[in-house]
Amino acid sequence: MFHGFWGYLIGGAIIGVLARFLKPGPDPMGLIMTILIGAAGAAIGGMVAGRGAIAWIVAIVSAIVLIAIYQRITGRKARDRIAR
């Protein structure tokens, strides 16, 4: 989907931000984790759909799923951040 380290870094940031925006509810995670999850979503989108608009859609949906998995694993919710 993207080419090289910088392509995945910039593309991962874009996809990660879009995924966080489209996912309902708060997402208490930092910029680095957003980029990493977006890059992983971009890699999945590139492997599944190749290139084009479908790859972007698959990448964003994959990133949304990865955000949900990350929240389940870490147990981080907005309430936890406020309580600390």
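Only heavy atoms go into these numbers, but all of them, side chains included; no hydrogens, no water, no symmetry mates. Predicted, not measured: the structure shown is a model, and the values here were computed from it.
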Here the pair of heavy atoms bringing Thr34 nearest to Gly16 is CG2-C, 3.5 Å

Between the CD1 atom in Ile44 and the CD1 atom in Ile15, the distance rounded to the nearest 0.5 Å is 10.5 Å

Do Ile10 and Phe21 belong to the same hydrophobic cluster, where Ile, Leu, Val, Met, Phe, Trp and Tyr are linked whenever their side-chain heavy atoms lie under 4.5 Å apart, directly or via other members? yes

In this structure, CD1 of Ile69 is separated from CD of Gln71 (nearest 0.5 Å) by 11.0 Å

Per side chain to side chain contact (heavy atoms under 4.5 Å, CB included), Tyr70 is matched among Ile73, Ile67, Thr74 by Thr74

Q. Taking the side chain as C-beta and beyond, is there a heavy-atom pair between Ile37 and Arg20 under 4.5 Å?
A. no

Checklist line | Connected via hydrophobic side-chain network under 4.5 Å: Met33 and Leu66 | finding: yes

Open item on the list: Counting only heavy atoms from other residues, nucleotides and ligands, does the tally under 6.0 Å from CD1 of Ile54 exceed 12?
Closed with: no

Ala63 and Ala19 have their tightest heavy-atom pair at CB-CB, 3.6 Å

### Query
Do Ile14 and Trp56 have side chains that get closer than 4.5 Å, going by heavy atoms?
yes

